[in-house]
Amino acid sequence: MREVFHQSLEDVQSRLVEIADLVTVAIDRATRAFGTSDVSLAEEVIEADAIIDEKAFELDELAIEILARQQPVARDLRIVVTALRVSASLERMGDMAEHIAQLARSRFPERAIPKGLKSTFTRMGELDVEVARKLAELLRTQDLRIAEAIRDADDDIDELHVSVFEKVLGDSWKGEATATVDATLASRYHERFADHAVSVAKKVVYLATGDWAGADDESAHEPSPVI
């Protein structure tokens with residue numbers, strides 16, 4: 001019976017990694033679609049989000065079944081409960097990628113990136129893809145050094161996010177209302193994508209160290225608890 005239980009826990013981890021890999025593909029395609037106005041690529045991201053949602057739902061069902069049947073305690077309980085919250089974060093990351101793709105589709109055949117912000121959004125996209133890849137590797141290996149690299153990349157994305165707002169609010173900004181809205185939304189989606197990744201990384205650190213301090217501080221980034 002115990003062997004079956006541990007197999008279930010391993011299944012939970014492998015499913016988290018699978019979802020993280022799907023999210024990585026999603027954000028890579030979404031940022032490329034956003035940068036090049038590739039509507040076909042954007043459509044792929046939008047359609048694939050349903051797969052991420054389904055995978056997250058199936059993982060949640062497995063975790064709830066483990067809680068009900070196995071009644072885990074101590075570290076095993078932390079693993080299952082944390083998996084539920086990580087699953088929710090990954091699902092939201094998929095949503096952020098979908099939102100970026102939707103912006104690209106809505107502006108086709110025009111470019112979704114407002115004039116003067118191409119290099120900024122190109123870099124934000126590169127960093128988000130880097131964060132996603134590192135997060136998948138963190139979930140796969142539990143190498144806590146990767147968690148620190150994710151936080152560093154998030155700091156860079158936050159700085160770019162601030163620079164977008166400074167640009168669109170500055171006196172030199174000549175963009176129309178639609179361009180202002182697009183820039184604001186796109187920047188927010190990129191920034192929130194990385195914030196969710198940091199949230200997951202902190203939870204992995206918590207599992208490894210047992211230290212909850214700072215592992216659940218999404219409120220510092222968002223006014224209401226989403227995860």
Side-chain angles (χ1 to χ4, degrees), residues 11-64 82-113 121-141 146 150 153-154 157 161 181-201 203-204 218 222 226-227:
D11 191 15
V12 166
Q13 180 185 2
S14 65
R15 291 189 187 209
L16 285 173
V17 172
E18 179 186 14
I19 297 170
D21 285 338
L22 290 173
V23 167
T24 302
V25 172
I27 192 63
D28 178 54
R29 290 177 176 174
T31 54
R32 284 192 285 127
F34 188 70
T36 63
S37 296
D38 188 331
V39 70
S40 297
L41 201 56
E43 291 285 1
E44 289 180 18
V45 176
I46 294 166
E47 292 175 4
D49 186 60
I51 298 175
I52 294 174
D53 292 346
E54 180 65 21
K55 294 289 185 182
F57 175 78
E58 290 173 354
L59 188 149
D60 291 351
E61 289 289 293
L62 173 61
I64 291 170
T82 301
L84 284 166
R85 307 198 71 191
V86 168
S87 171
S89 292
L90 291 172
E91 189 272 333
R92 289 297 295 149
M93 291 173 73
D95 288 345
M96 295 301 106
E98 181 190 18
H99 293 338
I100 293 169
Q102 287 173 336
L103 277 176
R105 183 179 65 176
S106 68
R107 295 296 172 231
F108 181 80
E110 302 298 327
R111 288 288 180 94
I113 298 180
F121 278 110
T122 297
R123 184 56 183 154
M124 288 183 84
E126 291 171 348
L127 287 169
D128 269 349
V129 173
E130 177 186 332
V131 162
R133 288 174 177 160
K134 288 183 182 299
L135 185 61
E137 187 64 17
L138 175 62
L139 290 169
R140 188 177 285 110
T141 66
I146 300 174
I150 291 172
D154 177 61
I157 293 170
H161 179 54
V181 170
D182 286 350
T184 303
L185 287 175
S187 184
R188 179 62 170 162
Y189 297 150
H190 282 85
E191 186 258 350
R192 283 303 297 147
F193 183 93
D195 282 349
H196 283 290
V198 170
S199 172
V200 173
K203 290 177 175 62
V204 174
E218 292 91 345
E222 188 160 355
V226 173
I227 303 173

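We number each residue from 1, following the sequence as shown.
- Heavy atoms only, all atoms of each residue included: S187 and H161 are closest at OG-ND1, 2.5 Å.
- Residues L59 and S87 come closest through the heavy atom pair CD2-CB, 3.9 Å.
- The aromatic rings of Y189 and H99 lie tilted to each other, with the angle between the two planes from 30° to 60°.
- Here the side chains of R32 and D38 are not in contact, with every heavy-atom distance at 4.5 Å or above.
- Taking CG from D49 and CD from Q102, the interatomic distance works out to 8.5 Å, rounded to the nearest 0.5 Å.
- Checked by atom type and distance alone, the side chain of T141 pairs as donor or acceptor with a backbone atom of E137 at under 3.5 Å.
- With respect to D21 and R140, a salt bridge is recorded, a charged nitrogen being found less than 4.0 Å from a carboxylate O.
- At a threshold of 4.5 Å between non-hydrogen side-chain atoms, the residues K55 and R15 do not count as touching.
- By the 4.5 Å heavy-atom criterion applied to side chains, I100 and I27 are counted as neighbours.
- Among the candidates L90, V17, I146, the single residue satisfying the side-chain contact (heavy atoms from CB on, under 4.5 Å) test with L135 is L90.
- The CD atom of E54 sits 10.0 Å away from atom CD1 of I19, with the distance rounded to the nearest 0.5 Å.
- D128 has its side chain out of reach of M124: every pair of non-hydrogen atoms, C-beta onward, lies at least 4.5 Å apart.
- Proximity of R85 to T82: side-chain heavy atoms (C-beta onward) are nowhere separated by under 4.5 Å.
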Would you please test R107 and D182 for salt bridge (charged side-chain N to carboxylate O under 4.0 Å, His left out) and show each step? CA-CA 9 Å; R107 295 296 172 231; D182 286 350; 2.6 Å; yes
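- Looking only at distances, no side-chain donor or acceptor of S89 sits under 3.5 Å from a matching main-chain atom of V200.
- Salt bridge status for R133 with E130: absent, with no side-chain N to carboxylate O gap under 4.0 Å.
- Although no hydrogens or angles enter the test, the distance criterion places a donor-acceptor pair under 3.5 Å between the side chain of H190 and the main chain of A186.
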What do the steps show when you test D154 against V131 for side chain to side chain contact (heavy atoms under 4.5 Å, CB included), and what is the final call? CA-CA 8 Å; D154 177 61; V131 162; 5.7 Å; no
Step by step, would you call E126 with T122 a side chain to side chain contact (heavy atoms under 4.5 Å, CB included)? CA-CA 6 Å; E126 291 171 348; T122 297; 3.8 Å; yes
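- Between S199 atom OG and M93 atom CE the span is 10.0 Å, to the nearest 0.5 Å.
- Annotation: side chain of F57 is not in contact with side chain of D53 (no heavy-atom distance under 4.5 Å).
- Between S37 and A112, the shortest heavy-atom contact is OG-N, 4.0 Å.
- Taken to the nearest 0.5 Å, the CD1 atom of I52 stands 8.0 Å off from the CG atom of D95.
- The heavy-atom pair separating A30 from V45 by the smallest distance is N-CG2, 3.6 Å.
- The minimum heavy-atom distance between K134 and I150, with the atom names listed, is CB-CG1, 3.8 Å.
- Here the straight-line distance linking atom CD of E98 with atom CG of L103 works out to 11.0 Å at 0.5 Å rounding.
- Panel note: side chain T31, backbone D28; a donor-acceptor pair is recorded below 3.5 Å.
- T24 places a side-chain N or O within donor-acceptor distance of the main-chain N or O of A132, the cut-off being under 3.5 Å.
- Remark: side-chain polar atoms of Q13 are paired, donor with acceptor, to backbone N or O of L139 under 3.5 angstrom.
- Using a 4.5 Å heavy-atom cutoff, the side chains of F193 and V23 are in contact.
- Smallest separation of non-hydrogen atoms from I157 and A194: CD1-CB, 3.5 Å.
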